[in-house]
Structure formats: C-alpha cells, structure tokens
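Quick notes on the structure that follows.
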Protein chains: 2
Amino acid sequence: MAARARVNPQTLRYYERRGLLPRPERSAAGYRAYGPQAVQIVRFIKRAQGRGFALDDIESLLQLAQGGPASCDTTRAVSEEKIADLDVRIADLQAMRAALARLVATCEQPRDHRECPIQAQVTSDPEDGDPEDRP
Amino acid sequence: MAARARVNPQTLRYYERRGLLPRPERSAAGYRAYGPQAVQIVRFIKRAQGRGFALDDIESLLQLAQGGPASCDTTRAVSEEKIADLDVRIADLQAMRAALARLVATCEQPRDHRECPIQAQVTSDPEDGDPEDRP
DNA sequence: CAGCTCGCTCGACCGAGGTACAGGGTCCAT
DNA sequence: ATGGACCCTGTACCTCGGTCGAGCGAGCTG
C-alpha cells in the first residue's frame, strides 16, 4: 500500500496519528488493512502538500470532503473560503507563468532588455494580506 | 526593511547566506543597505514559498529572472520547464476548485449524495510522475 | 555622556514533516 | 521448521526553514 501510494510506510502511520488518514481495520494479527480509498487520500495529501498546503489545511479539506462535520451552511461557508484562497493561488501562479513566458519571448534581446519575472510579480502585488504570509 | 518585507530581520540574513538575496552594500559601520529591489525579491520568495516551492526552486527562478547565467538557449529551455510545471500546478488547483464548487452545489443534498473533492482529484490523477512527489 | 534602540555575528534552538532503528511478531515458501 | 520479507510499536533522529539569545558596536536623544 505504501508502495502504491509512493510514500514511506512510516509516513502512513504518521498520517494516521495526525488524523489525516482514517484508522483502518486490522487483521487478526494487528496488520492494517487499507481500503482502496486510502491510496487516493494519500495521493491527494501529497499533491496538496506540493502545492503549498500544510497538513492542517489538508486535514480540513479532507473533512469537508467527507461531508462536512457541521451543518450544510458551515460546509458551504468554509468551502467558499477555500475557493477564494484557491483563486488567489491560481492567479499567482498564472502571473508567474506569464512573467516566465515574457522572459522567453524577450530572450533574444540583449540581457538588459529581458523582463524580470519578479518585477512582473511585484508590480501586481496587491499589498494585501495573504494569510499564508506569516505562519 | 525587514518590516517593509514583513519578515524577521534574521530571515533576511538567512536568505543572504543561502544566496537567495544578493548581498547588499554595507555602510561604514557594517550595516546592510538594501536597494529597493530587495523588498520585492523577499515578497516574491514568500509568495512562491506559500505556493509550494522550496527555497532551492525559488533560487533557480530568481537566477532566471536576473537574466539567466548561461546562454539564452539554456534560459529558454529552463523557463519552458518551469512553465510546464506551473501549468500542472495550475491545473491541480483548478481541479480542486472545481471539486469544492461541486461540493457547494450539492450541499443541500443528503450527505451521501455530496461529491467528494478527493474523488474528483483522484479520478483525474494522470498516474504521472510529479517531480514534487518524492523530495 | 547615559540610556535606548537598532544592527552586527555566531551558535543554539524550534516546529513541521518525516525517517530510521531496535525489538519483536507473522506469514509463507522452500 | 527455518529463512527472509513483511508487519507491529515505540523512541530517537534528521532536514528545512527559520528564530532566539548572547555579546558587542553604532547612532540618536535627552
């Protein structure tokens, strides 16, 4: 299972301890018997992590996924918050992408006429307060 | 300066040591005199970090930005790699967003009819090898 | 000039997220 | 029935990205 999810077996136990992975049934001998969902959850965790989410964030996403714990209204509200966050992230990555694309486009120009991705990023910095900013 | 960039002063020195931040001029007394670029670079670092990039990745992005170290062809090639990576990331986030949007849409339904964001994510898992997967 | 704040260096420490290792049980193939 | 490849628990340790503190100098302010 660890192999199928492409993580270290220890990591699975760690996630279980953290409450990210539902504690699976055990065989008579105490072996964990993971359902087919488990691999997918782990893959999701790994992908989300690589996209800049902390395990705590991911836990709350997973809770949402399993039919939110609280009322429908709460679920809706939380989801909408997450969606807004995603929109910010997507916009940021798109800005980076655009900046790099411009760099490639101006690549033939002498080095000084090349546009700098950071400038591009920064010029569009909304001076806002990204919650991910000061953890 | 640390305040303007909204980071701990120590963090600036840490970035400097890591080579992320160009080592600034020093005053007679040894004080660092940062140019105006510095704040923007730090902000870029922080944003990229929150989007799931490691400091090493960010360093290479910054090097690209400062008119790549090597030939134009190399710069172009590296940039195109990064752009492809960004496209994957953007697609992932968009898939998550879509899944959450569906969750909200089906929110009124009984809990079991609600669609699960993970399933959605996973169903579209390309079984590929995301380089960010096993660091 | 005393006192305060701020910057400097250098080394120790911290929290998140794992990973390794010791000591032991299980399974199953030869 | 025995060897090797797994699994279990528990505790210790590691990396990354910072952060804190000690000890000292710089620079303003009353």
Side-chain angles (χ1 to χ4, degrees), chain A residues 1-36 38-39 41-63 85 89 92 118 129-135, chain B residues 1-36 38-39 41-63 85 130-135:
Chain A
M1 147 69 175
R4 261 176 301 145
R6 281 124 68 200
V7 295
N8 188 313
Q10 313 269 27
T11 303
L12 295 177
R13 309 201 235 283
Y14 175 70
Y15 287 167
E16 190 179 322
R17 251 180 297 134
R18 298 256 335 206
L20 277 160
L21 209 47
R23 33 199 71 230
E25 297 295 302
R26 298 302 191 106
S27 80
Y31 285 30
R32 273 164 260 248
Y34 291 101
V39 179
I41 294 174
V42 174
R43 292 280 70 221
F44 173 78
I45 294 171
K46 280 286 156 195
R47 205 159 335 106
Q49 224 180 357
R51 302 313 172 241
F53 295 90
L55 292 187
D56 285 355
D57 301 348
I58 296 173
E59 188 175 352
S60 82
L61 283 169
L62 286 172
Q63 266 158 20
D85 177 34
R89 287 164 185 270
D92 275 0
I118 298 133
D130 184 335
E132 222 69 14
D133 253 15
R134 32 277 190 235
Chain B
M1 148 69 177
R4 261 176 300 145
R6 280 123 70 202
V7 296
N8 188 311
Q10 311 269 28
T11 303
L12 295 177
R13 310 198 179 107
Y14 175 69
Y15 288 166
E16 189 179 323
R17 249 180 297 136
R18 298 258 334 209
L20 277 158
L21 210 47
R23 35 199 68 230
E25 297 295 303
R26 299 300 193 106
S27 79
Y31 286 29
R32 283 168 186 85
Y34 291 102
V39 179
I41 295 174
V42 174
R43 292 280 70 223
F44 173 79
I45 294 171
K46 280 287 155 193
R47 208 163 329 110
Q49 225 180 355
R51 301 313 172 241
F53 294 91
L55 293 186
D56 286 354
D57 301 347
I58 296 173
E59 188 175 354
S60 82
L61 283 170
L62 286 173
Q63 267 160 17
D85 177 35
D130 183 336
E132 221 68 15
D133 253 16
R134 30 269 189 244

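Computed from heavy atoms alone, side chains included, the values below leave out hydrogens, waters and symmetry copies. By convention in this document, chain letters (A, B, ...) are assigned in the order of the sequence lines, proteins followed by strands, and residues within each chain are numbered from 1. Note that this is a predicted model, so its numbers are computed, not measured.
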Discussion item. Counting primed atoms plus P, OP1 and OP2 as sugar-phosphate and everything else as base, spell out the protein contacts along nucleotides 7-12 of chain D at 4.0 Å heavy-atom distance: B, S or - for each nucleotide, 5' to 3'.
Written reply: SSB---
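Residue A:N8 places none of its side-chain N or O atoms closer than 4.0 Å to OP1 or OP2 of C:dG17. Note on A:T11: a side-chain N or O is less than 4.0 Å away from OP1 or OP2 of C:dT19. Phosphate contact (OP1/OP2 of C:dG17, side-chain N/O of A:K46, threshold under 4.0 Å): absent.
Between A:Y14 and A:V7 there is no side-chain heavy-atom pair separated by less than 4.5 Å. Counting heavy atoms from C-beta outward, B:L20 and B:F44 have side chains that stay 4.5 Å or more apart. Put simply, the side chain of B:L62 does not reach to within 4.5 Å of the side chain of B:L21, judged on heavy atoms.
For A:R18, the salt bridge (Lys or Arg N to Asp or Glu O under 4.0 Å) criterion is met by A:D56, not counting sequence neighbours. By the side chain to side chain contact (heavy atoms under 4.5 Å, CB included) test, A:S60 pairs with A:K82, sequence neighbours left out.
Note that CE of A:M1 is 10.5 Å distant from CZ of A:R32, once rounded to the nearest 0.5 Å.
Along DNA chain D, the nucleotide nearest to B:A28 and the one nearest to B:V7 differ in position, and the one closer to the 5' end is contacted by B:V7.
The nearest whole Å value for the distance from the CG atom in B:L12 to the C1' atom in D:dG17 is 14 Å. A:Y14 has its OH atom 14 Å from the C1' atom of D:dC13, to the nearest Å. The distance from atom CZ of A:F53 to atom P of C:dA16 is 19 Å, rounded to the nearest whole Å. With rounding to whole Å, A:Y15 atom OH is found 8 Å from C:dT19 atom P.
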